[in-house]
Amino acid sequence: MSEPTYPLPDVMAGKKDKDMTSKDACELLQRGSLVLAQMEGNGMRINEDYLAKTIRDVSERIRRLQIKLRGDDVYRVWRREFGGQANLGSRDQLAKVIFNTLEYPYVGAKTSTGRYRADEEVLAQIDLPFVRRYLKVERLKKLRSTYLEGLKREIVDGYIHPTFSLHTVRSFRSSADTPNVQNVPARNSDYAEIVRRCYLPSPGNVLVEIDYRALEVRISACYNKDPALIEYIKDPNKDMHRDAAAGLYMLSEDEAANEAIRYMGKNGFVFPEFYGSVYYQCAPPLWEAANKLSLSDGTLLQDHLASCGIIELGKCDPKLDPRTGTFEAHVRSYEDDFWNRRFRVYSEWKRRWFEAYLKTGRFRMLTGFEIHGLFSRNDALNYGIQGSAFHCLLWSLIRLQDWLNETGKKTKIVAEIHDSLLLDGPEDELQEVLTAARRIMTEDIRKAWPWIIVPLEVEVEVSKTNWFEKELWVESGGKWVPKD
DNA sequence: CACTGGAGCCAC
DNA sequence: AAACGTGGCTCCAGTG
């Protein structure tokens, strides 16, 4: 079936001298909608036999664990308290049993509605086999209901057809539903493997995922034009997450390059700070992690910090000034250095951007979206970056679909996850498709949108089997090959 | 019985 | 002043 060709709106052709406008934004959404609709029609192939077997296995595990739970003394107490109302699925009831009846100490704040928090973090502190088993069951139930049953429910002739929307998100990102394929467990979950094995390429095809590398950071640099940030982006030897970890934990660059330690620099400080978090919120998780992470010689990070004179976290109360010598005080001083010295241009941009928003009640994204309304400071600073980053992906989807149509390829775009796209296509088209996709995503887009003042990079993964078992591919001497 | 909001947890 | 940005899905608990 041949696809209709649409006239090329301004937004796709590029803006030379003038800024992008709302008209460009509208055209992007219109063209984007057509591509997303086509994606929905394409759908993603699902391994129904494996899915059915997995649901059976997980159900059996849940059943056995629940039998043990019902035989536990704690559940007898539970039954005594709640009688016929007793419900193993109620965390609220569990919390009352533990903290009221069994009188385990509850530390920290309650929820906004005055209930005990009963999440994994709180329950993990309770040293009872019943609670450990309870958490296991809850995780398995989430796995089964959301990711397995929720997937099965949407299968039609071996394919799911998730909906992608452009009208639901405040920052003008996209969203996905029925099922939401934008939150399928990935790296940080032990059931990424179980779920992702359900997603297949079509018969004879391969599955390809192409990610923009650090897209939001790059787009943020297009707004704030901070030379230090741009340098971090351009120089492959520089690494701001490693540097943050080094500063926060008082380590050398080499020590901070350790994967788990660098991870805390990135997800415990740099990203939260970029989203508007502050030192007294960052400090506690960083301190907790320091009690688990060790240097290569086996020294615990907290012991290392102690040897540098830091032996306690501090109160982390925004109303109190951190006491000298606490970890909290150290994180504050690193934060001060981070924003007022290292990224002072970024910092200055935030001040000016928010001031302009307060004056006018509006701001305009680099992609032309004119946004007005009542926003918090963090919202006003984040929406433009988050939205425009996604618009780069949307632009690329449109261009790639055009190219696939023009060249008569069989490869189909089947999903999009904010800064990445998923293809399902024959292996013999792979070389040409990867080359075109990378050109579109990193070169063509910069010609159309010259406001992108930093290089863009993509990461390519290919799988002949399923969405879990994918290999990193790189281009080498004009040919795409698996890395190593 | 339908609906709603909270809480929790998955993603980027 | 605000206090980590954006979503979707599931279950529970409460309401009318």
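Side chains are part of it too, since the values below use all heavy atoms of this structure and drop only hydrogens, waters and symmetry mates. Numbered from 1 within each chain, the chains take letters A, B, ... in sequence-line order.
Picking from C:dC9, B:dC12, B:dA7 the nucleotide with the shortest atom distance to the side chain of A:His418 gives B:dC12. For A:Asp379, counting side-chain heavy atoms from C-beta on, the closest listed nucleotide (C:dT6, B:dC12, C:dA2) is C:dT6. Closest contact between the side chain of A:Pro185 and the listed nucleotides B:dG8, B:dA7, B:dA11 involves B:dA11. Considering only the side chain of A:Lys142, B:dC9 comes nearest among B:dC9, C:dC4, C:dG7. Proximity note for A:Thr168 (side chain, C-beta onward) versus C:dT10, B:dC12, C:dG7: the nearest is C:dG7. Listed nucleotides: B:dA11, C:dC4, B:dA7. Nearest to the side chain of A:Thr113: B:dA7.
The residue A:Val184 sits close only to the backbone: its heavy atoms come under 4.0 Å of sugar-phosphate atoms, none of a base. Within the 4.0 angstrom heavy-atom criterion, only backbone atoms of the sugar-phosphate kind lie near A:Ser112; the bases stay farther away. Within 4.0 Å of A:Asn183, counting heavy atoms only, lies at least one base atom of the nucleic acid. Among the heavy atoms of the strands lying under 4.0 Å from A:Arg170 are primed sugar atoms or P, OP1, OP2 only; no base atom is included. Across all strands, A:Glu216 comes closer than 4.0 Å to no nucleic acid atom at all (heavy-atom distances). In this structure, A:Phe390 reaches neither bases nor backbone, as no heavy-atom distance under 4.0 Å exists between it and the strands shown.
Taking side-chain N and O atoms only, A:Tyr147 has no distance below 4.0 Å to OP1 or OP2 of C:dC9. Of the side-chain N and O atoms in A:Arg139, one or more sit less than 4.0 angstrom from OP1 or OP2 of B:dC10. Within the structure, every side-chain polar atom (N or O) of A:Arg117 is placed at least 4.0 Å from both OP1 and OP2 of B:dG6. Phosphate contact (OP1/OP2 of C:dG8, side-chain N/O of A:Thr146, threshold under 4.0 Å): absent. Listed pair A:Ser90 / C:dA13 meets the phosphate criterion, a side-chain N or O lying under 4.0 Å from OP1 or OP2.
For A:Tyr263 and A:His241, the ring centers sit 6.0 Å or farther from each other. Aromatic pair A:Phe390/A:Phe172: centroids not less than 6.0 angstrom apart.
Ion pair A:Arg197/A:Glu193 flagged as a salt bridge, since at least one NZ, NE, NH1 or NH2 atom sits closer than 4.0 Å to an Asp/Glu carboxylate oxygen.
If you take NZ of A:Lys350 and P of C:dA2, they are 16 Å apart, rounded to a whole angstrom. Taking atom CZ on A:Arg91 and atom P on C:dT10, their separation rounds to 16 Å, with Å as the unit.
With DNA chain C read from its 5' end, the first of the two nearest nucleotides for A:Val169 and A:Pro179 is the one closest to A:Val169.
Cation-pi geometry between A:Lys110 and A:Tyr116 is met: under 6.0 angstrom from the ring centre, within 45 degrees of the axis. Taking the ring axis of A:Trp339 as reference, the NZ or CZ atom of A:Lys350 stays within 45° of it and closer than 6.0 Å to the ring centre.
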